[in-house]
Enquirer: 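Have a look at the structure that comes next, please.
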Amino acid sequence: MSIVYDENTRSFHLKAGNSSYILQIHDENYLAHLYWGRKLKKFNTELLSLKRRGSFSPNPDPNNELLSLDTLPQEYPSYGTSDFRVPAYSVQLENGSTITDLRYDSHKIIKGKPKLENLPATYVENDDEADTLEIVLYDSLIGLKAILSYTAYEKYDAITRNVRFINSGNTKLKLLSALSTSVDFDNCTYDFMHLHGSWARERQIERTPLINGNQSVESRRGASSHQHNPFIALLSKDATEEHGDVYGFNLVYSGNFIAQAEVDQYKTTRVSIGINPFDFSWVLEPNETFQTPETVMVYSSNGIGEMSRTYHKLYRSRLCRGNFRDTTRPVLVNNWEATYFDFNAEKIENIASVAKELGIELFVLDDGWFGKRDNDDCSLGDWIADSKKLPEGLDDLANRINKLDLKFGLWFEPEMVSPDSDLYRSHPDWCLHVPDRRRTQARQQLILDLSREDVCEYIIRSVSDILSTVNVEYVKWDMNRNMTEIGSEYLPPERQRETAHRYILGLYKIYEKLTTNFPNILFEGCSGGGGRFDAGILYYMPQIWTSDDTDAVERLKIQYGTSIVYPISTMGSHVSAVPNHQVHRNTPLKMRGDVAMSGNFGYELDLTKFSEEEKEIVKNQVEEYKSLRELIQFGDMYRLISPFENDEAAWMVVSEDKTQAFVAYFRVLGTPNEPISKIYFRGLDPNKDYSIEGKEGVFSGDELMYAGLTIPDLEGDYQSITWVLKSTI
Ligand code: DGJ
């Protein structure tokens with residue numbers, strides 16, 4: 001049993017991998033948080049130390065001066081009854097009051113992990129993999145129930161949490177906020193780590209000391225966003241890649257979120273994460289329920305690297321689903337940066353035939369194949385092949401690609417509508433909008449209102465029509481703007497602030513339907529690159545286009561930052577032309593290939609423009625990637641040198657049995673008369689011997705990790721080296 005309830009102390013001990021998480025039903029039935037960290041064999045309730053405080057931290061029971069909600073570490077704190085810190089939820093009653101009081105009511109411990117209704121979540125394949133604790137909190141005055149659900153994975157240091165609200169009273173309630181998780185830490189000696197960015201510069205790592213007051217990252221864009229990822233971590237001050245305590249929080253959700261850490265007057269820290277309460281509310285009629293998204297909380301006592309590897313393993317095997325979860329991904333070529341909108345069937349076929357020659361396996365036709373789409377001004381929503389560019393139809397093009405013995409993939413942006421489209425002309429009410437206001441366009445497009453059933457049905461139908469008539473084996477699902485004038489014509493006034501969350505629920509419904517109906521199609525998520533690179537999407541689509549920035553130097557940071565939470569097998573990563581289209585930099589084909597290899601490898605350029613010499617290099621890259629992809633996509637990743645702190649970067653992937661490894665080292669700019677520098681490998685078996693491809697001799701694992709390997713002299717800027725290791729015994 002990984003979850004145990006002790007009657008005497010009224011406490012729950014959740015054991016997840018090598019970690020413990022402990023909570024207790026405290027005085028007055030308030031649910032208190034006692035501990036989260038390294039696994040404890042046993043504990044006593046001294047874990048909870050309380051002090052008498054002054055009148056500014058009131059006592060709910062005048063006879064118990066030690067109990068103050070303002071100081072009690074809590075599992076799911078309320079607002080308004082004397083805890084002045086950030087509440088986990090807030091509810092407005094019909095009488096206008098926002099005071100609620102949730103207390104422990106009952107609990108049950110079950111084997112396995114129940115599915116979340118209509119939301120993505122991690123799962124188990126067998127009930128022995130995890131236990132789930134469900135604690136019912138109840139406000140008897142209004143009949144509000146909050147069921148806190150905790151799953152402790154047996155094998156991973158991971159605990160997942162979510163909350164289900166039930167209105168079991170007989171008056172209407174309005175949720176004003178409903179976070180997924182709140183955890184109180186008994187001190188504030190941590191750093192706050194998160195991933196920020198912008199379009200083409202996603203998931204940059206930032207680490208700052210916790211400050212007094214509230215520190216938060218959030219999205220109000222209707223998507224998890226390029227700007228902030230739904231992830232934060234608290235790190236002990238001494239935490240590095242390999243040492244120290246790390247507490248990660250990742251929300252399995254693709255819409256507006258908030259993730260925050262509040263340091264209070266007594267130097268304790270409250271971390272909370274969930275749907276952003278900003279511009280959100282949800283009406284709960286009697287008997288209605290509201291399900292929050294899931295948080296995946298990972299603890300590591302061995303630094304940031306171990307936290308990442310826990311997320312990677314859990315997400316690869318118990319978040320991603322479908323036929324492609326455990327299979328290696330094809331090497332692809334995508335025509336976006338090769339042609340943009342300017343192509344016809346012949347041009348595409350020419351690129352595809354060179355692709356075949358070079359060993360590439362999949363051709364992806366990007367934007368521009370439908371309606372009258374010669375630029376981004378029109379046609380989104382009209383998912384019918386452009387008869388000017390493809391006079392013989394899409395099916396004919398797919399057949400021509402298949403005849404070359406390549407798979408055919410197709411781009412869609414189904415959540416959008418161009419004002420200049422037949423769809424918009426016939427259904428102007430189908431987009432997100434509010435009465436009498438401008439409908440703000442971005443890239444000349446509006447967003448379809450996925451909170452509406454009929455709109456979701458249209459998307460499922462129009463995409464399915466293509467997928468069931470054309471031999472499409474891969475879909476790139478794009479989404480290129482954020483929400484404005486968020487409102488739905490379909491919802492009553494009191495439910496308008498539900499629109500953004502209902503949109504995400506609609507999106508998940510569409511994904512579920514299409515990925516179930518087309519199980520043999522590999523779906524790749526995309527949102528102007530990595531604008532919706534989150535665990536919610538990964539539940540449906542096992543890979544995501546990491547960024548629209550394909551420059552090899554920029555990608556070092558983007559891929560390194562993304563790997564803090566998300567596994568290599570989820571990152572789309574392509575070699576593009578030089579000068580690079582985003583930053584106009586010239587980098588060698590070797591470095592571009594080496595960077596792209598640490599992901600789902602592909603090319604995004606006009607292959608017909610390659611010289612014979614370049615073709616030879618590419619052929620070798622493709623061959624090498626194919627021989628390594630099983631290791632790269634499913635091995636354990638160790639980050640070695642951070643591009644955020646150096647003019648170089650390095651990482652490696654080690655197979656689970658530690659018999660193989662792939663190491664990649666990158667140096668951005670050359671330096672004169674440079675010092676000798678070494679690279680120290682990680683994750684190898686110290687007792688194994690390894691051969692290194694292209695190098696004489698045999699190296700022991702301990703030597704490579706502790707004594708290191710000298711980095712050979714590199715000439716010029718933008719250099720890279722890769723090493724492939726195989727154990728000799
Ligand atoms: C944004 C994507 O990220 C690109 O890869 C490309 O598909 C364009 N959209 C097409 O419009």
Side-chain angles (χ1 to χ4, degrees), residues 197-203 221 223-227 254 329 332-343 347-348 351 362-383 385-386 389 408-418 420-421 441-448 463 466 472 474-482 522-534 537 541 543-552 554-555 558-559 562 570-577 580-583 592 596 599-606:
S198 81
W199 171 76
R201 197 166 20 84
E202 297 89 338
R203 288 169 297 286
R221 293 170 173 268
S224 51
S225 88
H226 298 89
Q227 287 69 15
S254 311
R329 313 287 163 70
L332 65 81
V333 60
N334 174 306
N335 73 309
W336 178 241
E337 288 196 19
T339 65
Y340 294 103
F341 296 101
D342 181 18
F343 61 83
K347 203 165 180 179
I348 294 300
I351 298 177
L362 162 71
F363 180 89
V364 180
L365 183 62
D366 211 279
D367 195 353
W369 59 266
F370 53 93
K372 300 187 190 67
R373 192 140 163 110
D374 291 330
N375 51 44
D376 55 19
D377 286 352
C378 69
S379 300
L380 291 169
D382 298 344
W383 300 108
D386 176 354
K389 286 181 197 164
F408 178 68
L410 196 58
W411 177 97
F412 287 93
E413 195 180 358
E415 298 162 61
M416 299 291 152
V417 62
S418 310
D420 181 6
S421 68
Q441 296 182 25
R443 208 191 189 203
Q444 300 74 257
Q445 61 199 57
L446 298 166
I447 305 185
L448 288 171
V463 173
I466 304 261
V472 174
Y474 160 105
V475 164
K476 177 175 172 188
W477 185 290
D478 206 350
M479 194 282 279
N480 281 303
R481 59 159 294 180
N482 290 139
L522 171 60
F523 284 83
E524 174 157 335
C526 175
S527 172
R532 224 169 36 186
F533 202 121
D534 58 65
I537 301 292
M541 306 189 172
Q543 57 188 64
I544 300 174
W545 179 225
T546 316
S547 177
D548 271 350
D549 192 339
T550 52
D551 171 65
E554 290 297 301
R555 275 287 182 136
I558 295 169
Q559 293 177 199
T562 303
T570 63
M571 294 186 219
S573 166
H574 304 165
V575 174
S576 62
N580 172 266
H581 293 194
Q582 292 78 39
V583 298
R592 280 176 276 151
N600 292 312
F601 189 61
Y603 291 81
E604 182 142 347
L605 41 70
D606 188 347

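Atoms within a ligand are numbered from 1 in the order they appear, just like the ligands themselves.
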Enquirer: Scan Asp551, Thr550, Asp548 and name whichever one has a side-chain hydrogen bond (donor to acceptor under 3.5 Å, both in side chains) with Gln582.
Expert: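 Only match with Gln582 under side-chain hydrogen bond (donor to acceptor under 3.5 Å, both in side chains): Thr550.
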Enquirer: Apply side chain to side chain contact (heavy atoms under 4.5 Å, CB included) to Thr562 and list each qualifying residue two or more places apart in sequence or on a separate chain.
Expert: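 In terms of side chain to side chain contact (heavy atoms under 4.5 Å, CB included), with neighbours along the sequence ignored, Thr562 is linked to Arg203, Phe533, Thr546, Ile558, Tyr566, Met571.
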Enquirer: If only side-chain N and O atoms count, and only distance matters, is there a donor-acceptor pair under 3.5 Å linking Asn480 with Glu413?
Expert: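 There is such a pair between these side chains.
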Enquirer: Just to verify, which of Arg221, Glu202, Arg201 counts as forming a side-chain hydrogen bond (donor to acceptor under 3.5 Å, both in side chains) with Gln227?
Expert: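 Exactly one candidate clears the test, Arg221.
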Enquirer: Which of these, Leu605, Asp366, Asp478, Val364, sits in a side chain to side chain contact (heavy atoms under 4.5 Å, CB included) with Trp336?
Expert: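 The residue from Leu605, Asp366, Asp478, Val364 that satisfies side chain to side chain contact (heavy atoms under 4.5 Å, CB included) with Trp336 turns out to be Asp366.
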Enquirer: Between ligand 1 and the protein, give all atom pairs where both partners are nitrogen or oxygen and the distance is under 3.5 Å, as lines of names plus distance to 0.1 Å.
Expert:
| from | atom 1 | to | atom 2 | distance (Å) |
| --- | --- | --- | --- | --- |
| ligand 1 | 3 (O) | Gly529 | N | 2.9 |
| ligand 1 | 3 (O) | Asp548 | OD1 | 2.4 |
| ligand 1 | 3 (O) | Asp548 | OD2 | 3.1 |
| ligand 1 | 5 (O) | Lys476 | NZ | 2.7 |
| ligand 1 | 5 (O) | Trp545 | NE1 | 3.4 |
| ligand 1 | 5 (O) | Asp548 | OD1 | 3.4 |
| ligand 1 | 7 (O) | Asp366 | OD1 | 2.6 |
| ligand 1 | 7 (O) | Asp366 | OD2 | 3.2 |
| ligand 1 | 7 (O) | Trp411 | NE1 | 3.0 |
| ligand 1 | 7 (O) | Lys476 | NZ | 3.0 |
| ligand 1 | 7 (O) | Asp478 | OD2 | 3.3 |
| ligand 1 | 9 (N) | Asp478 | OD2 | 2.7 |
| ligand 1 | 9 (N) | Asn480 | ND2 | 3.4 |
| ligand 1 | 11 (O) | Asp367 | OD2 | 2.7 |
| ligand 1 | 11 (O) | Arg443 | NH1 | 2.9 |
| ligand 1 | 11 (O) | Arg443 | NH2 | 2.9 |

Enquirer: Mind running salt bridge (Lys or Arg N to Asp or Glu O under 4.0 Å) on Arg373 and Asp386 for me, showing each step along the way?
Expert: CA-CA 7 Å; Arg373 192 140 163 110; Asp386 176 354; over 6 Å; no
